[in-house]
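Structure first, then comments.
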Amino acid sequence: MNASHSDVRILQGQTLSFRADPFVVGPDAAIDYNSDGAVAIRAGKILEVGPRRAVTGRFPGAEVEAYPGDLIMAGFVDCHVHYPQIDIIASYGEQLLEWLEKYTFPAEAKFADPAHAADAANRYLDECARNGITTASVYCTVHPGSVDALFTAAQARGFAMAAGKVMMDRNAPADLSDTAQAGYDESKALIERWHGKDRLNYVVSPRFAVTSTQAQLEAAGALWKEHPDTLMQTHVSENVYAIEHAKSLHPYAKSYLDIYDKKGLLGPGANFGHAIHLLPEEIARLCESKSGISHCPTSNLFIGSGLFDMRGLRDCDQPVAVGLATDVGGGSSFSMFETMKTSYEISQLLHYNLHPAKAFYLATVGSAAVMRLDHRLGNLRAGYDADLIVMDLASTPLIAQRMRAADSIFDALFVQMILADDRAIRATYVAGRKAYARG
Ligand code: GUN
Ligand code: ZN
């Protein structure tokens with residue numbers, strides 16, 4: 001036996017991981033929590049998670065980083081975000097279709113410039129690290145260079161990121177439009193250049209049925225079929241006007257989701273953003289096809305789209321895979337705490353209580369599952385990638401005071417999801433390396 005473990009690092013603090021789905025087994029049976037715990041990591045992987053004495057005793061000579069009182073858990077996974085929209089976050093006064101025209105498309109047009117794209121990609125990854133987001137499913141722009149910029153920056157920092165070039169061949173400005181053929185060819189070249197390199201995955205990304213012709217959706221379906229281990233992302237049933245518009249452009253389909261279904265865009269690894277105004281048959285089809293959905297709560301409120309039915313989609317007999325997402329810049333925050341809080345508040349309006357165990361699960365394991373990565377990240381488990389956050393549970397005077405009355409891990413988690421922001425992220429580790437430390 002190796003007596004010295006100088007290549008092992010041990011993080012000590014409270015630890016939280018999930019052993020099962022809290023929507024299925026309930027919060028108590030779902031979590032593994034150590035009030036005095038430790039995580040051993042080596043070469044970018046988690047070796048062991050458990051009580052501090054047991055873990056520390058197993059690896060004598062390991063380097064120890066003590067975070068007394070802090071909570072160590074998996075990094076957050078944001079399963080739907082638009083990095084090119086970082087500079088139009090908090091844009092006033094419009095709902096989806098007008099918001100796209102007025103703010104989004106002009107911002108995305110700037111990504112024809114590779115230097116602009118590289119700068120935005122780096123600022124985006126800084127925000128991720130500062131907010132404890134270690135993996136995301138990212139929409140780039142129509143420009144292949146916008147994907148190169150994001151993947152280049154993510155690769156240099158060791159992030160596990162999924163991303164794709166947006167495909168749009170109608171109802172978009174000319175300088176943001178491709179064609180069915182060009183969208184296919186450029187996406188295919190990007191798959192060949194990036195998919196499976198280091199920790200990067202490609203996502204076939206037809207923007208939505210309003211900005212793609214039938215031919216383009218068909219091409220996207222064909223491309224995904226040719227590369228079945230890539231992912232697929234698009235938007236569905238976000239805004240009532242967009243639903244009518246999409247259906248009028250695709251009259252052969254029975255519903256908004258059916259537009260995509262007819263083109264082979266449903267299945268494991270398909271990630272539908274928003275999914276707010278769904279018909280019962282659309283929900284049934286999502287479940288049956290094992291497609292996933294991204295719940296984007298701050299966006300759904302900020303651009304006035306509607307209320308996501310967590311009970312009807314996830315806490316039910318035929319659940320759909322759901323992940324939690326910031327959807328910046330329709331979304332108004334990079335904070336997963338803010339995102340969980342807004343999800344809780346939306347659920348309140350629908351008379352459903354989103355338990356903190358379920359919210360944290362959706363923000364980690366749930367999103368990882370939508371991205372088909374839950375076998376290797378999104379949880380604190382031996383063998384998983386060492387993407388971790390260290391959470392200061394008393395990051396503001398108000399939180400510190402409220403925490404004095406917290407009598408369980410669930411109450412502590414609830415206080416964080418309602419009151420915390422990026423100041424609660426003390427450190428973010430990406431593949432075992434410290435990617436961020438609060439100053
Ligand atoms: N639907 C189509 N494109 C977008 C986008 O960029 N953001 C949001 N929220 N919805 C969309
Ligand atoms: Zn979106």
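Counting starts at 1 for both ligands and their atoms, following the listed order.
For His80, the nearest N, O or S atom to the Zn ion (ligand 2) falls under 2.8 Å. Residue Glu238 does not count as close to the Zn ion (ligand 2), with no N, O or S atom under 2.8 Å. The Zn ion (ligand 2) has an N, O or S atom of His82 inside 2.8 Å of it.
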(request) Start with the C-alpha distance between Leu97 and His245, add both sets of side-chain angles, then the distance that settles side chain to side chain contact (heavy atoms under 4.5 Å, CB included), and finish with yes or no. (result) CA-CA 10 Å; Leu97 296 173; His245 198 180; 4.3 Å; yes
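Taking the six-membered ring for Trp and the full ring otherwise, Phe308 and His295 have centroids separated by under 6.0 Å.
Counting only N and O atoms by type, the side chains of His250 and Asp258 include no donor and acceptor under 3.5 Å apart. For the residue pair Glu226 and Tyr184, a side-chain donor N or O sits within less than 3.5 Å of a side-chain acceptor on the partner. Judged by distance alone, the side chains of Gln318 and Glu288 never bring a donor and an acceptor atom under 3.5 Å apart. Side chains of Asn271 and His80: no donor on one and acceptor on the other come within 3.5 Å.
Closer than 4.0 angstrom to ligand 1 by heavy atom are His82, Gln85, Leu96, Trp99, Leu100, Arg207, Phe208, His235, Glu238, His274, Ser299, Ile303, Asp327, sorted by chain and number.
Applying ring-ring contact (aromatic ring centres under 6.0 Å, His included) to Phe18 and the options Phe360, Tyr361, Tyr33 leaves one that passes, Tyr361.
Minimum-distance N/O/S atom of Asp327 relative to the Zn ion (ligand 2): OD1. Distances from the Zn ion (ligand 2) to each N, O or S atom of His235 single out NE2 as the nearest.
The shortest distance between side-chain heavy atoms of Leu231 and Tyr202 does not fall below 4.5 Å.
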